[in-house]
Amino acid sequence: MNIFNLTKIAYTALMRNKTRALLTMLGIVIGISSVITMVGVGESSQASINNQVSQMGTNLIMVMRARMRERGVSTGRDNVQSLKIKDVQLIEEKAHYLSAVSPVFNASAQIINGNYNWSGTIMGGNTELMSIRKFELETGANFTDDDIRKYSKVALIGQTIVEELFDEGTDPIGKVIRVGNMPVKVIGTLKAKGENQMGEDQDDVLIMPYTTVQKRMLGIDYIHMIMASAMSESVADEAVKEIETLLRASHKIKDGADDDFEVRTQAEMLEMMSSISGMMTTLLTAIAAISLIVGGIGIMNIMYVTVTERTKEIGLRMAIGAHSSSILMQFLCESVILSLIGGLIGIVFGLLISYGLSVWQGWPFIISTPAVLLSFLVCAATGVFFGWYPAKKASSLDPINALRYE
Amino acid sequence: MAHPILKIDNLRRTFMVGGEEVHALKGVSFEIYPGEFVSIMGSSGSGKSTMLNILGCLDTPTSGTYYIDGISVKDRSRNELADIRNHKIGFVFQSYNLLPRTSAIENVELPLLYNNKISVRERRERAIEALELVGLKDRMEHMPNQLSGGQQQRVAIARAIVNDPVILLADEATGNLDTRTSFEIMSLFQELNGKGKTIAFVTHESDIATFTSRTIMLRDGHIISDGKAEYRSARKALEEMPPDIDE
């Protein structure tokens with residue numbers, strides 16, 4: 001019995017009952033499509049996290065004030081004043097692995113233009129903040145070192161603020177808006193970046209020279225954080241160590257004592273976020289896999305019924321010269337064809353669904369080749385595994401009894 | 001005389017039913033020669049079904065010998081028996097046993113699918129040839145449910161002859177058909193026999209047996225008579241039949 005004849009026999013047998021074949025496949029279709037969807041969603045959200053994190057800036061390194069601990073209880077970092085402008089200057093001068101460094105201030109204030117007002121996020125930085133955080137100019141120009149020296153009241157605004165404060169078609173460049181009570185001239189707009197993984201609107205941002213935020217708005221002498229860019233990803237670890245060494249020395253921290261700052265890299269953030277999404281993906285995929293097993297049992301069920309129903313056919317095939325192995329192979333082949341076609345349909349459905357989801361969520365759409373190949377293998381294995389028992393039953397029938405079966 | 005196609009000698013078949021031995025065949029011997037049209041007759045319980053199963057290599061005798069086309073079927077494995085059935089025997093059943101929702105030609109091709117030596121093209125050609133022989137060439141693509149009982153049995157006969165067997169085994173092949181159609185089928189068998197096919201026809205109807213050239217009567221596991229006679233022409237019987245009978 002060659003494989004071609006076998007496939008033909010199995011195929012024609014299945015085609016005799018198309019509706020049943022389709023219904024039998026349904027379980028596998030659902031199982032595979034949910035596995036593909038879950039893996040697809042996992043990969044897409046992973047890619048989206050990677051995207052978002054790298055959008056925050058290539059090789060971004062953040063130096064934050066350490067959280068304060070009182071008797072073992074963390075009380076946050078809001079009141080910590082450990083980072084100063086001189087730290088930034090020190091890093092700028094001494095660090096070898098950094099391509100850019102900027103002090104960063106965060107504030108929020110009511111931003112007003114005529115009748116419009118918007119409670120926006122304010123960021124203060126130096127001229128390099130734009131490149132560190134990967135902001136790009138849509139129109140206008142970045143502020144200058146001169147603006148920083150003069151605490152200039154100038155701002156770059158993100159697209160959300162443009163939309164909230166200006167009528168459509170109005171050019172914001174050169175317009176004066178109010179940030180809190182301070183009149184500020186818009187000198188540039190930023191290109192849209194969309195939402196990040198946590199759902200924060202990255203276009204809801206107004207960037208001003210850090211001196212303006214620090215002195216005119218906040219009136220503080222410490223800084224909120226330092227952001228820097230490592231020259232490349234490969235030197236990110238060295239860059240972190242260098243910053244730690246520099247700051248420990250300048251903050252006169254004794255060996256063994258805790259740092260009064262915290263250095264985080266983009267890689268760490270990536271790891272943290274992917275571990276959460278990875279866990280979710282694993283969980284959902286496991287649930288999907290269960291539905292695949294249920295689908296397989298569905299196939300086994302139907303094949304079992306089919307064998308009983310087609311006892312006479314089996315008897316006939318044996319009478320006209322089919323070996324037991326041919327019968328076994330025929331029924332195995334039928335269940336494998338069922339599960340493979342079901343799997344193919346499932347893969348198509350799964351990809352469509354994950355495409356739909358990624359469009360809806362704004363994630364990149366990724367076809368995971370290993371997942372597709374694996375599902376295909378799993379399908380074939382499901383067919384063989386769940387088809388074996390009914391096929392074995394069919395092949396061990398006695399031709400005389402099978403022929404007489406009513 | 002030529003070598004016999006079937007040769008059985010002192011054939012016995014014993015079944016165990018509920019701890020008791022049942023002797024279905026109690027030492028049966030006969031030979032069938034090429035070109036014979038034999039009917040094996042007997043009432044129910046006479047052992048004719050057991051006989052047919054053994055002749056068809058579906059069952060093996062408890063003792064005694066059975067040669068088909070010079071090959072002993074003693075101590076053959078299931079697969080070897082299947083190959084003998086595939087190459088040497090053509091079955092025609094009472095209830096046709098056609099695969100449902102499968103065209104006539106595909107039904108006829110079926111035995112050849114289990115023979116690896118036959119190419120797709122040869123399979124097709126031989127199936128068409130067999131259908132032509134039974135007069136159903138124009139119904140090749142019809143499904144069994146689009147065919148009458150007689151036509152279905154013709155397809156089954158085509159399926160039985162497609163592998164060019166040394167013997168055709170018919171098991172009450174007219175049992176499900178009305179008299180006229182039965183006669184038509186018998187006429188077809190006679191035609192095939194005229195072309196040199198050897199046929200063994202199991203039946204309990206003596207009327208049908210008159211269309212064969214030799215009748216072996218079984219009763220209680222023994223042969224009680226084995227007589228040859230010129231057979232009655234089924235075609236003539238058909239012509240003599242009043243036209244409205246059984247219609």
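Here the rule is salt bridge (Lys or Arg N to Asp or Glu O under 4.0 Å) with D59(B), and of R13(B), R76(B), R85(B) only R13(B) fits it. Of the candidates K197(B), R126(B), H87(B), K197(B) is the only one forming a side chain to side chain donor-acceptor pair (under 3.5 Å) with D164(B).
Heavy-atom pairs under 4.5 Å with chain A were tallied for L98(B), N86(B), T102(B); the largest tally goes to N86(B). In terms of heavy-atom pairs under 4.5 Å with chain B, the best-connected choice from S324(A), G315(A), S325(A) is S324(A). The greatest number of non-hydrogen atom pairs below 4.5 Å with chain A, out of I84(B), D83(B), I89(B), is found for D83(B). Per-residue counts of heavy-atom pairs under 4.5 Å with chain B were compared for R317(A), R310(A), M15(A); the largest is that of R317(A).
In this structure, F189(B) and F37(B) have tilted ring planes: the angle between them lies in the 30° to 60° band.
In this structure, the portions of P100(B) lying under 4.5 Å from any heavy atom of chain A include both its backbone and its side chain. Looking at T12(A), only its side chain comes within 4.5 Å of chain B, counting heavy atoms on both sides. Looking at N53(B), only its side chain comes within 4.5 Å of chain A, counting heavy atoms on both sides. Contact annotation for E106(B): only side-chain heavy atoms (C-beta onward) come within less than 4.5 Å of a heavy atom of chain A.
Shown here is R78(B), whose CZ atom has more than 12 heavy atoms of other residues, nucleotides or ligands within 6.0 Å.
Residues satisfying the salt bridge (Lys or Arg N to Asp or Glu O under 4.0 Å) criterion with E309(A), sequence neighbours excluded, are R20(A).
Note that CG of L58(B) and CG of D398(A) are 8.5 Å apart. Values are rounded to the nearest 0.5 Å.
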